[in-house]
**Student:** 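Before I ask anything, here is the structure I am working with.
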Number of protein chains: 2
Amino acid sequence: MEFKEAKSKFIQTWGALGSQWGINKTMAQIHALLMVSPEALSMEDIMEELHISRGNTSMNLRSLMDWGIVFKEYKPGERKEYFSAESNIDELARKIAKERSRREIKPTLRVLKDISTIEANESNEAVHFKAKTEELYDFVSRADTMLEKVTEHKENWITKTIVKLMT
Amino acid sequence: MEFKEAKSKFIQTWGALGSQWGINKTMAQIHALLMVSPEALSMEDIMEELHISRGNTSMNLRSLMDWGIVFKEYKPGERKEYFSAESNIDELARKIAKERSRREIKPTLRVLKDISTIEANESNEAVHFKAKTEELYDFVSRADTMLEKVTEHKENWITKTIVKLMT
DNA sequence: AAAAAGTTTCATTAATTTTTGAAAGTTTAA
DNA sequence: TTAAACTTTCAAAAATTAATGAAACTTTTT
């Protein structure tokens with residue numbers, strides 16, 4: 001396989017992965033492209049490489065910047081804006097995890113907490129509901145905390161945890 | 001909030017969460033409904049509760065069974081099929097993680113490995129590409145292994161890991 | 001073996017999501 | 001202050017994904 005083919009394959013794969021994870025395909029593709037580009041790219045560059053419109057490029061770049069995983073760069077003496085991706089992969093994972101927690105897990109936890117407070121001395125059905133949603137709350141809450149721990153620090157989390165448990 | 005309202009809210013929330021994670025809304029809603037039902041439900045029950053068609057119900061139930069998180073049940077003396085959800089939440093998480101790894105992460109790893117083998121003595125661009133995709137392969141690979149470790153066993157993984165590290 | 005009770009499939013329709021492109025908006029330079 | 005260079009927005013169109021429902025299929029009962 002030569003470079004061009006590999007590059008295109010990478011962009012397609014990253015895009016497909018993105019859509020399976022609830023991120024739109026173009027957004028993931030732009031991110032993939034920027035990740036493997038040694039230099040920051042202009043909007044024109046991106047449009048041309050991915051064959052997408054200006055509007056589409058603009059909106060998805062904005063989303064990527066909202067996620068904190070793509071940055072604007074200005075080249076001295078140039079008016080055009082250039083874009084580059086977070087280059088540290090651990091940092092990338094950290095930001096994605098943090099953002100998904102904030103946007104999805106936290107709101108879900110709020111709902112779960114809320115609905116598990118129903119008075120359940122009525123029916124069997126209500127008792128079971130309350131038990132199940134409480135259990136789910138605990139689980140999701142634990143998972144979220146763990147995710148936070150794993151991603152909050154750049155340093156090795158396991159080591160820290162062990163030290164903490166042993167002292 | 002009384003029971004009916006809470007139940008409906010739970011089903012909506014779980015459905016929304018599903019679609020953010022690449023699972024179709026109805027599938028997640030059926031799963032939510034079965035999770036909070038103390039008894040197994042028939043297709044009729046599900047159709048009625050969620051206001052969806054027979055075909056839709058049938059296909060999404062099949063998907064849920066393919067994921068291994070919903071089961072068919074037969075009641076003695078009854079011809080109808082009943083459905084129930086995996087009731088252990090740890091087990092549920094385990095199965096989802098395993099399935100997503102198999103369907104999404106593993107294929108991505110294969111592609112990453114494949115494309116990072118290009119001969120990169122040509123351009124700066126190709127050198128950077130090779131380095132980046134290799135780095136990504138290592139990261140995803142590590143993450144997948146960790147996920148496997150966390151979910152492979154029902155027992156507390158942390159404890160085991162610590163014990164292993166200390167001996 | 002035919003009817004009854006139930007389930008699955010899949011072409012068509014509906015809903016949702018994404019993309020386009022042209023107009024409006026900004027900023028810089030002359 | 002106005003023209004040029006560039007970016008953003010958003011209504012409409014296109015593409016994708018999900019849902020319907022009727023016909024086909026399966027299994028059980030009589």
**Student:** Looking only at side-chain N and O atoms, does Asp45(A) offer a donor or acceptor that is under 3.5 Å from a partner on Ser42(A)?
**Tutor:** yes

**Student:** Look at Lys72(B) and dT8(C) and indicate whether a side-chain polar atom (N or O) is within less than 4.0 Å of OP1 or OP2.
**Tutor:** yes

**Student:** Rounded to whole angstrom units, what separation is found between the CG atom of Leu61(B) and the P atom of dG6(C)?
**Tutor:** 16 Å

**Student:** Specify the closest pair of heavy atoms between Ser116(B) and Thr133(B), including all atoms of both residues, with the distance to one decimal.
**Tutor:** CB-OG1, 3.4 Å

**Student:** With no hydrogens and no angle check, do the side chains of Ser63(A) and Asp66(A) hold a donor and an acceptor under 3.5 Å apart?
**Tutor:** no

**Student:** Rounded to the nearest Å, what distance is computed from the OH atom of residue Tyr82(A) to the C1' atom of nucleotide dT7(D)?
**Tutor:** 14 Å

**Student:** Could you tell me how far apart Glu78(A) (CD) and dT27(C) (C1') are, to the nearest whole angstrom?
**Tutor:** 16 Å

**Student:** Return the value, rounded to whole Å, for the distance between atom CE of Met59(B) and atom P of dT8(C).
**Tutor:** 11 Å

**Student:** Sort and list the pairs that fulfil side-chain hydrogen bond (donor to acceptor under 3.5 Å, both in side chains) and have at least one residue in residues 16-28 of chain A, not counting sequence neighbours.
**Tutor:** Trp21(A)-Glu104(B)

**Student:** In this structure, how many angstroms lie between the P atom of dA13(D) and the CG atom of Asn56(A), rounded?
**Tutor:** 18 Å

**Student:** Short of 4.0 Å, heavy atom to strand atom, which residues of residues 42-54 of chain B count as contacting DNA chain D?
**Tutor:** His51(B), Ile52(B), Ser53(B)

**Student:** What is the separation between atom CD1 on Ile30(B) and atom P on dA18(D), rounded to the nearest whole Å?
**Tutor:** 13 Å

**Student:** Pick out the pairs of N or O atoms, protein on one side and nucleotides 25-30 of chain D on the other, that lie under 3.5 Å.
**Tutor:**
none

**Student:** So Asn24(A), base contact, sugar-phosphate only, or nothing? Heavy-atom distance under 4.0 Å.
**Tutor:** sugar-phosphate

**Student:** Can you tell me the distance, in whole Å, between the NZ atom of Lys80(A) and the P atom of dT28(C)?
**Tutor:** 16 Å

**Student:** Thinking salt bridges, do Arg103(B) and Glu99(B) make one under a 4.0 Å N-O criterion?
**Tutor:** yes

**Student:** Glu148(B) pairs by salt bridge (charged side-chain N to carboxylate O under 4.0 Å, His left out) with which of Lys98(B), Arg100(B), Lys106(B)?
**Tutor:** Lys106(B)

**Student:** Hey, which sits more toward the 5' end of DNA chain D by its nearest nucleotide, Ser58(A) or Ser19(A)?
**Tutor:** Ser58(A)

**Student:** So Phe129(A) and Phe10(B), would you call those rings parallel, tilted or perpendicular, with 30° and 60° as cut-offs?
**Tutor:** perpendicular

**Student:** Closer than 4.0 Å, any side-chain N/O of Thr26(B) to the OP1 or OP2 of dA19(D)?
**Tutor:** yes

**Student:** Would a 4.5 Å heavy-atom cut-off, applied to side chains only, mark Met27(A) and Trp67(A) as touching?
**Tutor:** yes

**Student:** Under the 3.5 angstrom rule, does the side chain of Lys130(A) hit a backbone N or O of Ile118(A) as a donor-acceptor pair?
**Tutor:** yes

**Student:** What is the separation between atom CD on Glu73(B) and atom P on dT7(C), rounded to the nearest whole Å?
**Tutor:** 14 Å

**Student:** Counting only side-chain nitrogens and oxygens, does Asn60(A) get under 4.0 Å of the OP1 or OP2 atom of dT18(C)?
**Tutor:** no

**Student:** Start at the 5' end of DNA chain C and walk down; is the nucleotide closest to Met65(B) or to Lys25(B) reached first?
**Tutor:** Met65(B)

